[in-house]
There are 2 protein chains.
Amino acid sequence: MLMPRKPAYDREALIAKARDIFWRQGWAGTSLKDLERELKLKPGSFYAAFGSKDALYALTLESYANEGVARIKALAENLGPKEALKAQPRLVIEAIENPTKACMLAKTYAELQAKDHELADQAARHMAEMKACFAELFRSAQDAGDIRSEHDPDRLAARYQSDILGLRLSAERKDVNALEIAADIASDIDRL
Amino acid sequence: MLMPRKPAYDREALIAKARDIFWRQGWAGTSLKDLERELKLKPGSFYAAFGSKDALYALTLESYANEGVARIKALAENLGPKEALKAQPRLVIEAIENPTKACMLAKTYAELQAKDHELADQAARHMAEMKACFAELFRSAQDAGDIRSEHDPDRLAARYQSDILGLRLSAERKDVNALEIAADIASDIDRL
DNA sequence: TATATACTTGAGCGATCACTCAAGAAACCC
DNA sequence: GGGTTTCTTGAGTGATCGCTCAAGTATATA
């Protein structure tokens with residue numbers, strides 16, 4: 001049993017780096033050359049490590065979605081469900097570490113759905129997962145008496161997620177004050 | 001002075017056809033081969049007619065934006081400003097003639113902004129134009145006494161446009177009831 | 001240190017990209 | 001019908017696409 005050399009790179013770090021590139025530039029907008037340059041991997045190493053451009057994209061989607069779910073759940077842990085839902089819009093457009101404001105799942109879905117690309121389905125599944133997560137928070141807020149029980153939590157979640165997708169797209173524009181929109185989305189929740 | 005033969009195609013019809021392809025598949029997702037096949041133009045004719053892929057895309061954006069502005073203005077003419085704003089969300093996701101639900105301006109901006117592509121700027125200008133159009137309707141509705149004057153019409157317009165962008169993206173998903181979201185957006189206007 | 005194993009390198013594959021251009025076909029005025 | 005001009009055609013351009021693979025290099029165990 002011989003143990004040969006280990007890779008010189010940090011796999012998780014590379015996936016995070018690739019995620020930022022795909023997130024900003026999209027699937028077709030990112031070439032292997034782009035990835036090789038930014039990840040500092042020659043073609044051979046790239047394919048040994050990840051198999052294909054699509055396989056790496058899938059890994060970055062997974063990473064993106066997991067972080068998103070973890071963030072909202074941590075927020076709910078700290079602030080409670082209603083305040084978490086109110087805080088999320090502002091936080092998501094103020095996150096300075098993001099390479100772009102718009103949601104990567106939404107961008108992926110919009111770009112690849114017409115091609116029936118598997119990555120579009122994967123993005124759609126993750127968006128459904130996020131929506132279910134929001135619905136859970138609305139339900140908890142209702143249980144806590146913070147939101148009137150006459151509302152359907154699934155419907156609230158669908159509207160809330162839709163608003164956030166719009167907000168995050170709007171946040172990329174220079175002629176839009178996204179903070180005002182975020183504040184208005186949050187104040188809508190107080191009226192439920 | 002001699003007058004030679006005329007083109008065999010209807011230029012406006014070709015632009016409309018190209019618009020639907022670009023709208024569905026995006027900029028990078030549409031190849032010259034796609035366009036040549038759908039428009040039934042050989043490369044030579046294509047370039048004689050439109051100059052370049054980007055030039056044709058620009059023409060389709062112009063066409064798309066003009067139709068959008070015309071539609072909302074016609075709606076306001078018929079229903080008045082407030083009812084036009086309330087009707088628009090449902091109409092835009094029910095339009096059966098559209099190749100896809102999401103807004104072409106938003107898709108273009110999202111895809112090409114990171115590349116600093118001129119087409120992204122053009123899309124952004126048209127979105128700003130639409131927003132101004134919405135603001136004008138909110139102002140008219142206030143003048144008519146249908147919306148309380150304490151609201152800032154520009155802010156209402158930004159939020160409304162953002163909601164519609166989210167709605168139209170959501171309308172592409174199978175797990176979302178976009179009609180409910182559209183109804184909720186409309187009923188928000190009644191509370192202003 | 002010798003050897004086995006995996007990682008790294010980069011030239012280069014076929015396919016496709018947006019695009020060009022020369023030659024032939026068609027429609028107009030005289 | 002003759003002559004001129006434009007439109008149509010499609011083979012073909014160089015560049016880039018995602019990707020392969022054989023050769024070279026580094027690191028582990030024995």
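A, B, ... follow the sequence lines: proteins, then strands. Residue 1 opens every chain.
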Could you check which residues of residues 26-48 of chain A get a heavy atom under 4.0 Å from DNA chain C? Sort them by number, please.
-> A/Lys42, A/Pro43, A/Gly44, A/Ser45
Looking at DNA chain C, which of residues 12-24 of chain A put a heavy atom within less than 4.0 Å of it?
-> none
N/O donor-acceptor pairs under 3.5 Å from side chains in residues 63-72 of chain A, not counting sequence neighbours:
| from | atom 1 | to | atom 2 | distance (Å) |
| --- | --- | --- | --- | --- |
| A/Ser63 | OG | A/Arg19 | NH1 | 2.9 |
| A/Tyr64 | OH | A/Met104 | N | 3.2 |
| A/Tyr64 | OH | A/Arg168 | NH1 | 3.4 |
| A/Tyr64 | OH | A/Arg168 | NH2 | 3.1 |
| A/Asn66 | ND2 | A/Glu62 | O | 3.3 |
| A/Glu67 | OE2 | A/Arg19 | NH1 | 3.0 |

Partner set under salt bridge (Lys or Arg N to Asp or Glu O under 4.0 Å) for A/Arg125, not counting sequence neighbours | A/Glu118
Who pairs with B/Lys131 by salt bridge (Lys or Arg N to Asp or Glu O under 4.0 Å), at least two apart in sequence or on another chain?
-> A/Asp175
B/Asp10: side chain to side chain contact (heavy atoms under 4.5 Å, CB included) partners, not counting sequence neighbours = B/Glu12, B/Ala13
Selection residues 183-192 of chain B - residue pairs positive for salt bridge (charged side-chain N to carboxylate O under 4.0 Å, His left out), sequence neighbours left out | A/Arg155-B/Asp184, A/Arg159-B/Asp188, B/Lys82-B/Asp190, B/Lys86-B/Asp190, B/Asp188-B/Arg191
Could you tell me the separation between the [atom1] atom of [X] and the [atom2] atom of [N], rounded to a whole number of Å?
X: A/Lys53; N: C/dT16; atom1: NZ; atom2: P; result: 15 Å
X: B/Tyr57; N: C/dC17; atom1: OH; atom2: C1'; result: 18 Å
X: A/Arg11; N: C/dC7; atom1: CZ; atom2: P; result: 11 Å

Pairs where residues 36-53 of chain A contributes a residue and the test side chain to side chain donor-acceptor pair (under 3.5 Å) is met, not counting sequence neighbours = A/Asp34-A/Arg37
Ring pair (Phe, Tyr, Trp, His ring centres under 6.0 Å) pairs, two or more places apart, involving residues 155-179 of chain A | A/Phe134-A/Tyr160, A/Phe138-A/Tyr160
Short side-chain donor-acceptor distance under 3.5 Å, A/Ser170 and B/Gln161 | no
